[in-house]
Colleague: 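Once you've had a glance at the structure underneath, I'll fire off some questions.
We use all heavy atoms of the structure for the numbers below, so side chains are in, but hydrogens, waters and symmetry mates are not.
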Number of protein chains: 2
Amino acid sequence: MGTTQAANGTGTATAPEPKYWHLRTVLVRALDSEFGTGEVLPNERDLSARFGVARATLRQALDQLELEGRLVRRRGIGTVVAAPRMGVPVSEASEGWPGTGRDSWRIVDAESAPAPASVCAALGLPADEAVHTVRRLRMMHGQVIGAETLYVPESVVPHVPAIFAKSSVADSSRARSVLRQLQRLELDGESRSVELGVAEEQQAQLLERPPGTPVLVLTTRYQAEGRTAALTVSTYRADTCRLTFGASGIVDVTPAAAEVRTAS
Amino acid sequence: MGTTQAANGTGTATAPEPKYWHLRTVLVRALDSEFGTGEVLPNERDLSARFGVARATLRQALDQLELEGRLVRRRGIGTVVAAPRMGVPVSEASEGWPGTGRDSWRIVDAESAPAPASVCAALGLPADEAVHTVRRLRMMHGQVIGAETLYVPESVVPHVPAIFAKSSVADSSRARSVLRQLQRLELDGESRSVELGVAEEQQAQLLERPPGTPVLVLTTRYQAEGRTAALTVSTYRADTCRLTFGASGIVDVTPAAAEVRTAS
DNA sequence: CAGTGGTCTAGACCACCCT
DNA sequence: GGGTGGTCTAGACCACTGA
C-alpha cells in the first residue's frame, strides 16, 4: 500500500503539483478537444489504470470537473460530458413579481402555516406569524434546474380559498391564488443575494441530485407598500446553471469565465 | 482492510444514509451550539477516532462543511470555525462604473495587449484586438475577498500614458487612467451573470487559497455608446462571500438560506 | 522539532441500472 | 448478472506551520 508518492508525474520536479490537479488539467484538455456533450467516458477503474493512479485519486480529479459542471456522474450509468451551463434569466424589478414572465414553473405544493424563525426575521415579522408558502420547480429545456420557495405573509395576502383536502390540485389553485393577489400590489423594488450552498435531502430530491450537491442560493426580497411583501429562496443547480441579470433577451453567450488568461 | 461497512451508524437500518453525511449533520449541530467563530476544532486524527470512522470519511464531512463556508482548514494550523459569510454589494447600474463607489480595491497590475479570444468575443471585437487589462483585488474587512479583471477595448479608451518601465507604480497610474476615462462615458446599462467556478493557480494565489477553491464568477458587461464598452470578470471566494444586488445600504442581514424548512 | 492538514494507495463492499 | 459510480478503510508519506 501507499507507494512513496514522491515522483509526481510532471517530470519537472520543480513544483510539487498534486497528481489529481495535473490529472484534472489533462482531462480538461481531453474534454475540450476529444469529447462532445453527452459522450460517455471510460469507467473509473479503467481510467485510473490508464493514468497509473489509484481510483481515489482519479475520483478527486473527476470531483473537481463535476464541481465545474464539465461532467455529470450517474450511479449505475457512467460519467458523461455535461452540456455547457444554461443561462438562467433572473427577472428584473421592472418585470414584476416572480413567475410573471414566460418562465416555466411546476407547482410542488402550497400551504399556509406559521413560518420558521429565519423567514419571519427576513420578512420583518414577529416570530411564527402565518405565511403562505409556495414551493415550485423551475424548468428549462425539460429539465429541473431549480427549486423555489415563496413566502408571503398573510397580512399581505389575507384570504386564500381554504381547500382542506390536501391534493396537488388544491395546492395548485392555492398557489395561483397567492400569486394572482401578489400581482395586484404595486412592486416598489427588490433586493437579491446569491451565495453557494449545498442541497439538503429535500431540495436534493426535488433537484434530482444526491444530497450535498452544490447549489446557487438566490434570495429575493420584494418591496411593496413600504415593507417586505414577499420573500423567495431559490436553489439552482450550480453545475448546470448560470444566473443572468438584466440580460433581457440574449442569454446564450458564453461568458469569459474563470479560465481567462492573458497571452503574456 | 475495508471492514464490511454494512452497519452504518444510524441504527435505524431503514435508510442507508452515508456515514459522512450523518457526520456532517452531527458536526453542523455541534458548530451551531458549541463553537464560536474562530474556534479551533480538534485535529482530524482525533476527530476520526472519536467518531469511530476512518480519517478519509471524516474528511469527506469536513469537505462539505468547508464548501458551505462553515469551516476553514489551513495546512499546518488546523481547522477553525468560519465567520458567517460577508454580504458583498454588487453595485447597480445607477451607481456607475466599476469601482466608483466606496469599495476598497487594490491594483495588482495593468497592461495593454491583445485580448484572449473569449474576451474579444464577449466584447464583440475581432479576435486579438488590443484591450486594456486591469487586474485588481477587492478587499473587505482587511481580507481579500475577490479578484477582478477589467477589459476595455482601446477603441473605447484610446490613449493611456505609456510608461514602459513595468512597476507597480506604473501599473497603478495606468489603471487609474483607464478607469478615469471610462467614467467620462455615459453608462447606458449593464448585464451580469453569476456562476460557480474553481480558482486556477493564478487566481487561487491572489485569493490566498489553494487551487480548486470554489469561487463565484461574476461577469459584467457595461453598455455605453451603443456597444459593450467594458467587461469585468470577478471571482469571489465562494466560502466567504454572499453577493448582494440592489440592497443599497443594509447588507448584513442573514438570508434565509438553504436550510429553510417548514414546521410541518 | 512535533503537529497539522493534504495527498495517495490498494482493496473491499454497497446501491443502482440495464439487459 | 455484470457493469457503473458511491462509500469506506487502514496505513503511509508529503508540505506547511510554529515553537
Colleague: What's the closest nucleotide to the side chain of A:T79 if the choices are C:dT4, D:dG5, C:dT7?
Modeller: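 Within the option list, the nearest is D:dG5.
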Colleague: Could you state the interatomic distance from CG (B:L218) to CZ (B:F245), rounded to the nearest 0.5 Å?
Modeller: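 Spacing of CG (B:L218) from CZ (B:F245) equals 5.5 Å.
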Colleague: Give a yes or no on whether a salt bridge exists between A:E44 and A:R59, defined as a side-chain N under 4.0 angstrom from a carboxylate O.
Modeller: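 Yes.
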Colleague: Atom CG of A:L62 and atom P of D:dG5: how far apart are they, to the nearest Å?
Modeller: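 One finds 8 Å between P of D:dG5 and CG of A:L62, rounded.
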Colleague: Rounded to whole angstrom units, what separation is found between the CG atom of A:L23 and the C1' atom of C:dT7?
Modeller: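 Whole-Å distance recorded here is 13 Å.
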Colleague: Choose from D:dC8, D:dG6, C:dG6 the nucleotide whose nearest atom is closest to any side-chain atom of B:Y20.
Modeller: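 Of the candidates, D:dC8 comes closest.
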Colleague: Mind calculating the distance between CD (A:Q60) and C1' (C:dG6) to the nearest angstrom?
Modeller: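 So the two atoms are 8 Å apart, to the nearest Å.
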Colleague: To the nearest angstrom, how far is A:E44 atom CD from C:dC8 atom P?
Modeller: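 Rounding to the nearest Å, CD of A:E44 and P of C:dC8 are 16 Å apart.
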Colleague: Report yes or no: is there a donor-acceptor pair, N or O only, under 3.5 Å between the side chain of B:R74 and the base of C:dG6?
Modeller: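 No, no donor-acceptor pair under 3.5 Å.
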Colleague: Rounded to the nearest Å, what distance is computed from the CG atom of residue A:L71 to the P atom of nucleotide D:dG6?
Modeller: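 One finds 11 Å between P of D:dG6 and CG of A:L71, rounded.
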Colleague: Consider the side chain of B:I77, meaning its heavy atoms from C-beta on, and name the nucleotide among D:dT7, D:dG5, D:dT17 that approaches it most closely.
Modeller: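 So the nucleotide nearest the side chain must be D:dT17.
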Colleague: Need to verify one output field. Residue with the more 5' nearest nucleotide on DNA chain D, A:N43 or B:A56?
Modeller: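 Of the two residues, A:N43 wins.
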Colleague: Within this structure, what is the CZ-to-P distance between A:F51 and C:dC8, rounded to whole angstrom?
Modeller: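 Those two atoms, CZ and P, are 14 Å apart.
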Colleague: Does a side-chain N-to-carboxylate-O contact under 4.0 Å join B:E111 and B:R135?
Modeller: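 Counted as a salt bridge, because a side-chain N and a carboxylate O are separated by less than 4.0 Å.
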Colleague: So for atom CD, which belongs to B:Q205, do other residues, nucleotides or ligands contribute more than 12 heavy atoms lying within a distance under 6.0 Å?
Modeller: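 Not buried by this count: 12 neighbours or fewer within 6.0 Å.
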Colleague: Just compare C:dT9, D:dC8, C:dG5 and give me whichever is closest to any side-chain atom of B:T57.
Modeller: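 Closest of the options to the side chain of B:T57: D:dC8.
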Colleague: Nearest-Å distance, CZ (B:R75) to C1' (C:dG6)?
Modeller: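 To the nearest whole Å, that distance equals 5 Å.
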Colleague: Using a strict 4.0 Å threshold on nitrogen-to-oxygen distance, state whether B:D63 and B:R24 make a salt bridge.
Modeller: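 Salt bridge: no.
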Colleague: What is the distance, to the nearest angstrom, from the CG atom on B:D63 to the P atom on D:dC8?
Modeller: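 Going from CG in B:D63 over to P in D:dC8 covers 13 Å.
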Colleague: Please tell me if B:K19 has a side-chain N or O lying less than 4.0 Å from either OP1 or OP2 of D:dG6.
Modeller: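 So the side-chain polar atoms of B:K19 never come under 4.0 Å of the phosphate oxygens OP1 or OP2 of D:dG6.
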Colleague: Ignoring backbone atoms, establish whether A:R55 has a side-chain N or O less than 4.0 Å from OP1 or OP2 of C:dG11.
Modeller: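 Indeed not, no polar side-chain atom of A:R55 lies that close.
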Colleague: Considering only side-chain heavy atoms of A:R59, which listed nucleotide, D:dG6, D:dG18, C:dG6, is closest?
Modeller: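 In terms of side-chain proximity for A:R59, the closest of D:dG6, D:dG18, C:dG6 is D:dG6.
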Colleague: Between the base of C:dG11 and the side chain of A:R45, is there a donor and acceptor pair under 3.5 angstrom?
Modeller: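 No, no donor-acceptor pair under 3.5 Å.
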